[in-house]
Amino acid sequence: MSGNLNQGTSSTHHGQPLDVTAQLLIDDYIERFGDGRGLLIPILYRLQDYLGFIAPEVEEYVAKRLGLKSIEVRGVVSFYSYFTDAPRGKHHLEMCLGTACYVCGGRRLLETIQEEAGIDVGETSADGLFSLQVVRCIGACGLASAVAMNGQVFGRLSPIAARSLIRRLRSGDEMAGQSKPGGGHA
Ligand code: FES
């Protein structure tokens with residue numbers, strides 16, 4: 001890593017102090033691979049993996065270091081479902097609304113998940129247990145409707161099974177995510 005890294009927190013125009021880990025990750029990456037627009041997505045992947053989300057002040061610092069506008073970085077973060085701008089829940093749900101899942105009742109399944117988890121798409125529950133995103137095809141079309149939780153796919157998930165899964169997880173049943181609530185575990 002660079003010997004001239006600023007070890008303290010930096011302020012950004014956003015007003016929030018920049019997370020030191022984020023700053024070190026960004027500076028280290030740029031030192032090793034150079035800078036420029038082509039590094040934007042690799043850096044964002046790294047930040048998402050290490051930090052769990054990409055805060056506005058982090059976006060701003062990335063933009064500054066790569067010579068981009070903050071709005072350009074914002075656009076990429078909001079476009080790709082892999083990136084989030086808020087901490088994800090312990091159980092991160094990705095509801096597929098690709099064609100196969102949509103025609104197999106995906107919309108109703110999504111509504112059930114929203115209702116049971118008490119969150120809308122893009123939100124994290126207040127207790128930090130659940131977060132929800134909509135994605136377009138997770139490669140399990142033969143098991144539609146499908147939902148991924150922390151990367152694990154649950155196929156042929158009915159609204160009743162989804163409700164049961166969320167209730168079990170909320171009650172602390174960590175094995176709930178290991179079972180086959182939809183009967184089709186991919
Ligand atoms: S459309 Fe849902 S997994 Fe392909």
Side-chain angles (χ1 to χ4, degrees), residues 25 37-56 58-59 62 71-186:
L25 286 169
R37 184 179 298 271
L39 286 189
L40 175 57
I41 289 182
I43 285 178
L44 292 178
Y45 265 99
R46 197 163 189 241
L47 292 166
Q48 179 71 48
D49 285 346
Y50 275 91
L51 304 173
F53 70 108
I54 300 169
V58 173
E59 290 178 4
V62 170
I71 197 167
E72 294 179 84
V73 179
R74 176 93 287 270
V76 171
V77 170
S78 58
F79 181 79
Y80 291 100
S81 62
Y82 185 79
F83 304 131
T84 57
D85 56 11
R88 284 179 172 159
K90 179 179 179 184
H91 307 292
H92 180 60
L93 299 158
E94 293 175 290
M95 174 68 226
C96 179
L97 283 186
T99 305
C101 290
Y102 189 88
V103 300
C104 286
R107 175 59 65 181
R108 189 165 150 245
L109 180 57
L110 173 63
E111 288 169 2
T112 300
I113 291 172
Q114 289 175 296
E115 185 182 306
E116 191 60 45
I119 50 174
D120 285 327
V121 174
E123 291 184 348
T124 299
S125 59
D127 58 10
L129 272 183
F130 301 103
S131 53
L132 177 63
Q133 276 183 298
V134 164
V135 295
R136 308 284 168 189
C137 193
I138 51 177
C141 308
L143 296 173
S145 278
V147 175
M149 186 174 73
N150 297 343
Q152 184 178 10
V153 175
F154 293 89
R156 299 195 184 103
L157 190 65
S158 69
I160 290 175
R163 206 179 277 285
S164 169
L165 173 65
I166 291 170
R167 287 181 182 175
R168 287 177 64 189
L169 290 168
R170 183 178 287 120
S171 72
D173 180 359
E174 294 298 328
M175 294 306 290
Q178 309 300 316
S179 60
K180 301 180 180 181
H185 220 169

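Read the numbers this way: they start at 1 and go in the same order the structure lists the ligands and their atoms. Start at 1 with the first residue, then count along the sequence.
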For ligand 1, which atoms have a heavy atom of [X] less than 4.0 angstrom away?
X    : answer
A100 : 1 (S)
I138 : 3 (S)
A140 : 3 (S)

- Would you check whether A144 reaches within less than 4.0 Å of ligand 1, judged by its heavy atoms?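 Heavy atoms of A144 never come under 4.0 Å of ligand 1.
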- Message: Which residue and atom name correspond to the protein heavy atom nearest atom 4 (Fe) of ligand 1, and how close is it?
- Response: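 Going by distance alone, atom 4 (Fe) of ligand 1 is nearest to C141 SG, 2.4 Å.
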Is [X] reaching over with its side chain to a backbone N or O of [Y], donor-acceptor style, under 3.5 angstrom?
X    : Y    : result
S145 : C101 : yes
R163 : I113 : no
N150 : K90  : yes
S131 : G89  : yes
E116 : R167 : no

- Mind checking whether atom 4 (Fe) of ligand 1 has an N, O or S of C137 under 2.8 Å?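 True for C137.
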- N, O or S atom of C96 closer to atom 2 (Fe) of ligand 1 than 2.8 Å: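 Checking C96: at least one N, O or S atom is under 2.8 Å.
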- State whether a side-chain donor-acceptor pair under 3.5 Å links D127 with S125.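 Yes.
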